[in-house]
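Working notes, beginning with the structure itself.
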Amino acid sequence: MELKNPSHQRQEENSMGSERSVIRKHPCFLFRKLGFIMSVFLCGMMFHPAVGYDPLDPTGNITFKWDVISWTPDGYVAVVTMNNFQMYRHIMNPGWTLGWTWAKKEVIWSMVGAQTTEQGDCSKFKGNIPHCCKKTPTVVDLLPGVPYNQQIANCCKGGVVSSWGQDPAGSVSSFQVSVGLAGTSNKTVKLPKNFTLLGPGPGYTCGPAKIVPSTTFLTPDKRRKTQALMTWNVTCTYSQFLASKNPPCCVSFSSFYNTTITPCPKCACGCRNKNCIKSDSKLLTAAGINTPRKDNAPLLQCTHHMCPIRVHWHVKLNYKDYWRAKVAITNFNYRLNYTQWTLVIQHPNLNNVTQLFSFDYKPLVSYGSINDTGMFYGMKYYNDLLMEAGPLGNVQSEVLFQKEQDTFTLKQGWAFPRKVYFNGDECAMPPPDSYPHLPNSAHVSVPVMLKTFATSVLLLMVMVLA
Ligand SMILES: *[C@@H]1O[C@H](CO)[C@@H](O)[C@H](O)[C@H]1NC(C)=O
Ligand SMILES: *[C@@H]1O[C@H](CO)[C@@H](O)[C@H](O)[C@H]1NC(C)=O
Ligand SMILES: *[C@@H]1O[C@H](CO)[C@@H](O)[C@H](O)[C@H]1NC(C)=O
Ligand SMILES: *[C@@H]1O[C@H](CO)[C@@H](O)[C@H](O)[C@H]1NC(C)=O
Ligand SMILES: *[C@@H]1O[C@H](CO)[C@@H](O)[C@H](O)[C@H]1NC(C)=O
Ligand SMILES: *[C@@H]1O[C@H](CO)[C@@H](O)[C@H](O)[C@H]1NC(C)=O
Ligand SMILES: *[C@@H]1O[C@H](CO)[C@@H](O)[C@H](O)[C@H]1NC(C)=O
């Protein structure tokens, strides 16, 4: 398993130089001018899942469940469990940050397995001082390695939560909170409001808390069931459109039958207000250059696409009954290691993956629709860490597909993915007419459907703007 940059990828890492002034906006930007409804509609269709709905993961969400396990003289003790039900979107470093607004004058007496970032003004308390008196507490997970008596099950992972598809057991995070100056029965307790999932970054929207049937728990010997005194749920969904106006990754293509490399679109991830550093800069040898920033600001290697992540798909070999593609992910951020990265690819042949080298794979089965989407992720302790930009900042694999003889073709860009998602965000694709052509197929080499679609969208834009 080589861990080098394939040489055919190298030529696109040219610096931005004089291209800096040529800024091609993300197409959604254009649509914004057409009014909000229309832009949400069009961009949701073309580039992003519409708000809170991802067609490749229709039931994906993050649910917080509050189980009241005891009433206290002035409130209650609840265990809060976060379940990440998203198939391929995990919560990476620096972990989740949860906020809410108390309905009344509640305070947090204590927490186990998490803490609030600020205590707030507790000056009216004498003797016992609460853990937090803020009206809008902000809670973060504890780091691994806290003393045993400050832990509960599934806590203390630095807020890092796996995706459901990659590791269901790791997709849970919990903490316990003891609330005072609150209701002390299921009639008087007021549910917290305005839940916000501030970390891992923007993009999540949470619904209101809803009372649901009380959770039942099995005792460790499995012979007795106990029950929460009261349970409420909060559901948060992700929208890439809300997270950022630019995609966070881009896709490039190459093939064995054409020496042209189809690069990522220029400024695919936005060039405006972005600094970068050339890969041969002397600054890169300075101490601390790779240290992550508190605000997670990236330090990007200069490329013409200015994306922190590029996914490259190379059509490598064509056998009689099989064909083979190579997929490589390259990190261009000097300040970020991607832990537990995921890659989702949509391609009609993904229903027939025969063999995969050095990545794990899981088909994303959608009931009723075509099962043409799969999720790739790194093997634990081998390549599940995508290292910071530099010589080690890439992972790669090869996929062997069994041909369905009547659909397989090298023409019209068929062998290239339809959609690519990195860590749950859709990546910018090259324009359809730039895909590597088969020799002698000059005029039909564009995926016809895509071209027609692009044309009609253009027409629509012209009509509306006129
Ligand atoms: C509440 O959340 C739990 C998991 O946290 C989930 O299993 C359950 O289905 C949810 N209930 C409702 C009614 O949404
Ligand atoms: C509140 O508790 C009573 C019994 O103590 C129960 O009958 C009722 O269903 C509970 N209500 C809710 C919303 O859990
Ligand atoms: C909800 O919380 C967010 C973030 O803490 C805050 O900006 C916003 O003002 C709050 N909204 C309400 C209605 O409290
Ligand atoms: C990435 O991980 C490696 C090995 O664990 C570490 O040496 C390096 O400092 C990390 N880089 C960043 C940017 O966190
Ligand atoms: C996709 O897979 C699911 C589960 O195996 C199945 O129910 C569904 O019919 C499949 N869809 C197609 C179009 O094959
Ligand atoms: C894989 O391809 C073979 C040959 O065309 C076909 O018989 C089989 O049904 C395919 N498998 C799936 C899961 O589509
Ligand atoms: C290779 O693909 C490019 C881009 O689609 C195309 O312009 C070129 O003509 C193709 N080369 C050959 C030899 O067909």
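Just so you know, ligand 1 is whichever comes first in the structure, and atom 1 is the first atom listed for that ligand. Just so you know, these numbers use all the heavy atoms, side chains as well, and skip hydrogens, waters and symmetry mates.
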* Asked: Salt bridge or not for Glu388 and Arg335, using N-O below 4.0 Å?
  -> no
Counting from 1 in the order shown, the ligand 1 atoms closer than 4.0 Å to a non-hydrogen atom of Val212 are 12 (C), 13 (C)
| query | Can you tell me if Asn84 uses its side chain to pair, donor with acceptor, with the backbone of Arg89 under 3.5 Å? | reply | yes
Quick note on ligand 7: atoms under 4.0 Å from a heavy atom of Tyr435 include exactly 4 (C), 5 (O)
Is Asn83 near ligand 1, meaning one of its heavy atoms is under 4.0 Å from it?
yes
Hey, is NZ on Lys210 packed in by over 12 heavy atoms from elsewhere, all under 6.0 Å? no
Would you mind writing out the side-chain donor-acceptor pairs for residues 222-235 within the sub-3.5 Å range, not counting sequence neighbours?
unit_1, atom_1, unit_2, atom_2, d
Thr231, OG1, Asp67, OD1, 2.8
Thr231, OG1, Thr215, N, 3.1
Thr231, OG1, Thr215, OG1, 3.4

Note: ligand 1 atoms sitting under 4.0 Å from heavy atoms of Asn233 are 1 (C), 2 (O), 3 (C), 8 (C), 10 (C), 11 (N), 12 (C), 14 (O)
Across all chains, not counting sequence neighbours, the disulfide (SG to SG under 2.5 Å) partners of Cys132 are none
Applying side-chain hydrogen bond (donor to acceptor under 3.5 Å, both in side chains) to Asp360 and not counting sequence neighbours gives none
At a 4.0 angstrom heavy-atom cut-off, ligand 4 is contacted by Asn290, Pro292, Tyr334, Arg335, Leu336, Asn337, Met387, Glu388
- Query: Looking at the rings of His90 and Trp96, which for Trp means the six-membered one, are their centres under 6.0 Å apart?
  - Reply: no
Exercise for review: Verify whether the ring centers belonging to Trp313 and Phe253 lie closer than 6.0 Å.
Suggested key: no
